[in-house]
2 protein chains.
Amino acid sequence: MRLSTRAQYAVRAMVDLTLNSNGSPVSLREIASRENISLNYLEQLFHRLKKGAVVLSVRGPGGGYLLARDSASIRLGEIVTLVEEPLAPVACMDEGKKGCTRGDVCVTHMVWQGLGERIRGFLDSITLADLVREARGEEKR
Amino acid sequence: MRLSTRAQYAVRAMVDLTLNSNGSPVSLREIASRENISLNYLEQLFHRLKKGAVVLSVRGPGGGYLLARDSASIRLGEIVTLVEEPLAPVACMDEGKKGCTRGDVCVTHMVWQGLGERIRGFLDSITLADLVREARGEEKR
DNA sequence: TAATAGTTGACAATAATAGTAAGGTATGCT
DNA sequence: AGCATACCTTACTATTATTGTCAACTATTA
Ligand code: FES
Ligand code: FES
């Protein structure tokens, strides 16, 4: 039941981005060095984040990434889902895949389904703005 | 965020075991064939379940496994934890491991911690007895 | 003693993850 | 124009975890 590092990195990077942006784009190079994440790896993550429309990119010198929306409207669930394809805890509810081995009805199915909903629900209850506020609080101390 | 098949199989097998036991031991061979799980694989799982004291084994002909306790006192969280070592969603809270890359305080840490608690809490809110009751209900229909 | 069934440890195939590398494209600055 | 910056894209590799298989062994009972 592990979260991929992709998800962890993506969230950290998004917090960093929000924290260090003063309206102007933030380059991945900066984020990578601050958060100590491989630049190329980060690029892959932001590619997905951009496709998912949580960030915008500005090319050229002085370019970088910007939040596409207000940080209060970006939920962690979104970020995680974008970089970590399957959020569902079991394979049988991916797509069309018929139930697990034991054909017909599977008692445990609803359990995993419920679990998945909890996970998503929790992650969706937290916004980027929440984390940033938190981080600012820590800083000032 | 995938659950291992180990966890899925273990829960299914435990339900099967409870459902098909009339006080006498149930052999893994039976369970394996009913649930369509490799026998040797199941053996590994039950080895862990036995170490975790949720089942007892009876050797020799006519032997098999029995619940070690009442099904109402066996929570899914227990079963899952036993067969799937790390239930914590991130590595940094495994043991002693100091925080992720960015030394000091990590804003996201508490998020993952909260997530872990939700997962465990949900799984612990469901007992084997709940599932068995459910399964019996489906059967009668 | 023969058959059953759990016990144990080693091992192999597969898949996913994590990370690297390299080249390309758009943009702004001098 | 030309250079530097920084995003964009694809391909590839290494590592690890998962999933399972095999084989030999021990306890127990009929
Ligand atoms: S069919 Fe989904 S868990 Fe069995
Ligand atoms: S220290 Fe635990 S998530 Fe960063």
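Sequence lines set the chain letters: A, B, ... in the order given, protein chains first and strands last, and positions in each chain run from 1.
To the nearest angstrom, C1' of D:dT16 lies 12 Å from CZ of A:R2. Taking atom CD of residue B:E43 and atom P of nucleotide D:dC22, one finds them 13 Å apart after rounding to whole Å. The interatomic distance linking A:L28 (CG) with D:dC7 (C1') rounds to 7 Å, in whole Å. Rounded to an integer number of Å, the gap from CG of A:L42 to C1' of D:dT9 is 16 Å. Distance CG (A:L39) to C1' (C:dA18): 15 Å, rounded to an integer number of Å. Remark: P of D:dA6 and CG of A:N40 are 15 Å apart, rounded to the nearest angstrom. Summarising the geometry, the separation between NE2 on B:H47 and P on D:dG20 is reported as 19 Å, rounded to the nearest angstrom. A straight line from NZ of B:K50 to C1' of C:dA5 spans 12 Å, rounded to a whole angstrom.
With side-chain heavy atoms closer than 4.5 Å counting as contact, directly or through intermediates, A:L56 stands alone and belongs to no larger hydrophobic cluster.
Checking the phosphate oxygens (OP1, OP2) of C:dA18, no side-chain nitrogen or oxygen of A:Y9 falls inside 4.0 Å. Between B:S38 and D:dG20 there is no side-chain N or O to OP1 or OP2 distance below 4.0 Å. Close to D:dC8, at under 4.0 Å from its OP1 or OP2, lies a side-chain N or O of A:S57. Of the side-chain N and O atoms in A:K51, none sit less than 4.0 angstrom from OP1 or OP2 of D:dC8.
Where B:T5 and B:V58 meet DNA chain D, the nucleotide closest to each residue was compared, and B:T5 sits on the side nearer the 5' end. For A:G60 and B:S4, each mapped to the nucleotide of DNA chain D holding its nearest heavy atom, the one lying further toward the 5' end belongs to A:G60. Mapping A:R59 and A:E84 onto DNA chain C by nearest heavy atom places A:E84 closer to the 5' end of the strand.
Residue-level contact check: A:Y65 touches the backbone only, with heavy atoms under 4.0 Å from sugar-phosphate atoms and none from bases. Using a 4.0 Å heavy-atom criterion, one finds that B:V55 contacts no nucleic acid atom at all.
Nucleotide D:dA30 has C:dT1 as its partner under the Watson-Crick or G-U criteria, with both atom distances under 3.5 Å.
The two residues B:V26 and B:N20 have their closest heavy-atom pair at CG2-O, 3.7 Å. In this structure, A:P25 and A:V58 approach most closely via the heavy-atom pair CG-CG2, 3.8 Å. Scanning all heavy atoms of the two residues, the minimum distance from B:L17 to B:L67 falls at CD2-CD2, 4.0 Å.
Listed by first then second residue, pairs satisfying salt bridge (charged side-chain N to carboxylate O under 4.0 Å, His left out) with a partner in residues 14-33 of chain B read B:D16-B:R34, B:E30-B:R34, not counting sequence neighbours.
Nearest nucleotide to the A:S27 side chain, out of D:dT21, D:dA6, C:dT27: D:dA6. Picking from C:dA5, C:dG28, C:dT20 the nucleotide with the shortest atom distance to the side chain of A:P61 gives C:dG28.
Ring geometry for B:Y65 versus B:F46: interplanar angle of 30 to 60°, hence tilted.
A donor-acceptor contact under 3.5 angstrom links the side-chain atoms of B:Q44 to the base of D:dT21.
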